[in-house]
Amino acid sequence: MLRLYDTRSRAIAPLALQREGHVGIYVCGPTVQAPPHVGHLRSAVALDVLRRWLLERGEEVTFVRNITDIDDKIIHDAAHDDEPWWALSTRMTRAFTQAYDAVQVLPPTVEPRVTGHVPQIVALIGDLVAGGTAYESGGDVYLAVKAVPSYGEISGQKPDQLRQSDKAVAHGHTGTKRDPLDFALWKAAKEGEPSWPSPWGPGRPGWHIECSAMAVEYLGTTFDLHAGGLDLVFPHHENEAAQSTAAGHPFAQHWLHHGLVTAKGGEKMSKSLGNSVTVADALASVPPVVLRYALGAAHYRSTIEWSEQVATEAAAAYARIETFVRNATDVVGETSVDLALSAAPWAEFAAALDDDLGVPQALAVLHGGVRAGNALLAARDLPALAATLSVVRRMLGVLCLDPLTDWPSVGSGELTAVVDALVQLAVEARAQARERKDWAQADALRDRLASSGVILEDTANGVRWRLS
RNA sequence: GGCCGGGUGGCCGAGUGGCUUAGGCAAGGGACUGCAAAUCCCUGUACGCGGGUUCGAUUCCCGCCCCGGCCUCCA
């Protein structure tokens, strides 16, 4: 049974399912206002590992990740650049999709947009107003937080001790609420802003209500898991839970929050500080698989830092894995082997992931397999090597880090055969030079290949080449 | 002011009331190699500070210091 940390109960608990064999997950996706940064990708990768592990365990997964395609910032930025808000959000949605694809994050089962669900949102707000927990005020609709006794259960905040921040007052985010804690479900349209009709006049959805409406639309009023970044615990998830509860929905049974990515030095990554690293920036310095490794190797709840040094170390760690898989595959091929031969490491790996997605421990098991495999390779124990390679690749598959199937190298297929033939010519010439102990000539040939990016390695099994 | 997390060996990063005290990177030594590369083996006073509980604490409790997040929006 997979056990996961639950934010509400502050404990690791089994992920209970509404329906056996099926896991319903709702993830708060991005507000598509600016290009994705590495933090967005960390979120996606962490949850992708969760999803792939559930799939590996044979579960059916309905994975809902929304797109917030209308909000204050989108409207503001679009107006500033004289671009329609829908053009900006569409452009940014594409940028996010490309970023997710680049690191092989599985596409969500459904990716609902807020603007495509206004009727559901209006209906939900209507229920809340009818039920007396929400009220209209000057064209806005607010949820009366004090009317929801369970408010604060997820974040641990106590309504009596919350205070309205100075910043909110300074920015004029106070609206026409009866109580400072109340939050907007529906925002009355301002001059020149996009709006949709509603019983309370033209306006647009508040931020929190959209997730409640879309989660219920695709997963039902009770579902298994709600996930998102640690920065969403309060107020976003607290408010989602409050309004859903007020509407009579049991809502999410388990709440998962992943850690954030900081810039170098542990500083918060934010546009105002000018230190956010976009996915495009990161991919300019490391290949996608290394980015995935770097973002996915830490435990999902820990804070991780993004810097050149982190990227470099991730590249080195991944290279060790990749080298083993390629070297071993050269010798034993891609034959799949009875996993019973490697049952012990797999069980250890599975136990690590089952325990709150313990990726670091799982990677330790994987690295143990790599070390053992390298020794078997040297000892030329082929049957054992094949078994070890199989189990290592199965582990890599769960993490989506298999260099052969998940990240086939450039120049695969016919081009590889051509290059291989050319490299073999040089290898043969070098072999002749070595035979007559003409080390200068042999080394010159090796150096020339190296300067073209081809690294030669002399092994007991002959000469092996790889791209540097 | 309130609510959450953290502080582990040169770096990153797991974990545990005592056991061969993760793993990776980097460093040093050895093996292999014509030299390399790759690989294997070995090495290094680790657990923020001060108390307490305990036969024994990095791990539990109390206090303190420091760092980060949230309380407008943010993965």
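Keep in mind it's a predicted model, so treat the numbers as computed, not measured. Convention: sequence-line order gives letters A, B, ...; per-chain numbering from 1.
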Between [N] and [M], how far apart are the two [atom1] atoms, rounded to whole Å?
{"N": "rG2(B)", "M": "rU43(B)", "atom1": "P", "result": "50 Å"}
{"N": "rG7(B)", "M": "rA14(B)", "atom1": "C1'", "result": "15 Å"}
{"N": "rC62(B)", "M": "rC67(B)", "atom1": "P", "result": "23 Å"}
{"N": "rU33(B)", "M": "rA26(B)", "atom1": "C1'", "result": "24 Å"}

salt_bridge(Asp406(A), Arg292(A)) N-O dist < 4.0 Å: no
Specify the separation, in whole Å, of atom [atom1] of [X] and atom [atom2] of [N].
{"X": "Gln361(A)", "N": "rA22(B)", "atom1": "CD", "atom2": "C1'", "result": "8 Å"}
{"X": "Tyr293(A)", "N": "rG13(B)", "atom1": "OH", "atom2": "C1'", "result": "10 Å"}
{"X": "Glu111(A)", "N": "rA75(B)", "atom1": "CD", "atom2": "P", "result": "14 Å"}
{"X": "Leu260(A)", "N": "rC70(B)", "atom1": "CG", "atom2": "C1'", "result": "10 Å"}

Distance-only donor-acceptor test (3.5 Å): side chain Asp458(A), base rC32(B): no
Watson-Crick or G-U pairs under 3.5 Å in RNA chain B, rendered as dot-bracket with [ ] for crossing pairs and | for another strand: (((((((..(((.....[....))).(((((.......)))))....(((((..]....))))))))))))....
Donor on one side chain, acceptor on other, Thr278(A) and Asp281(A), under 3.5 Å: yes
Given RNA chain B, 5'-ward residue of the pair His40(A) and Gly156(A), judged by closest heavy atom: Gly156(A)
Lys NZ or Arg CZ of Arg394(A) over Phe349(A) ring: under 6.0 Å, within 45°: no
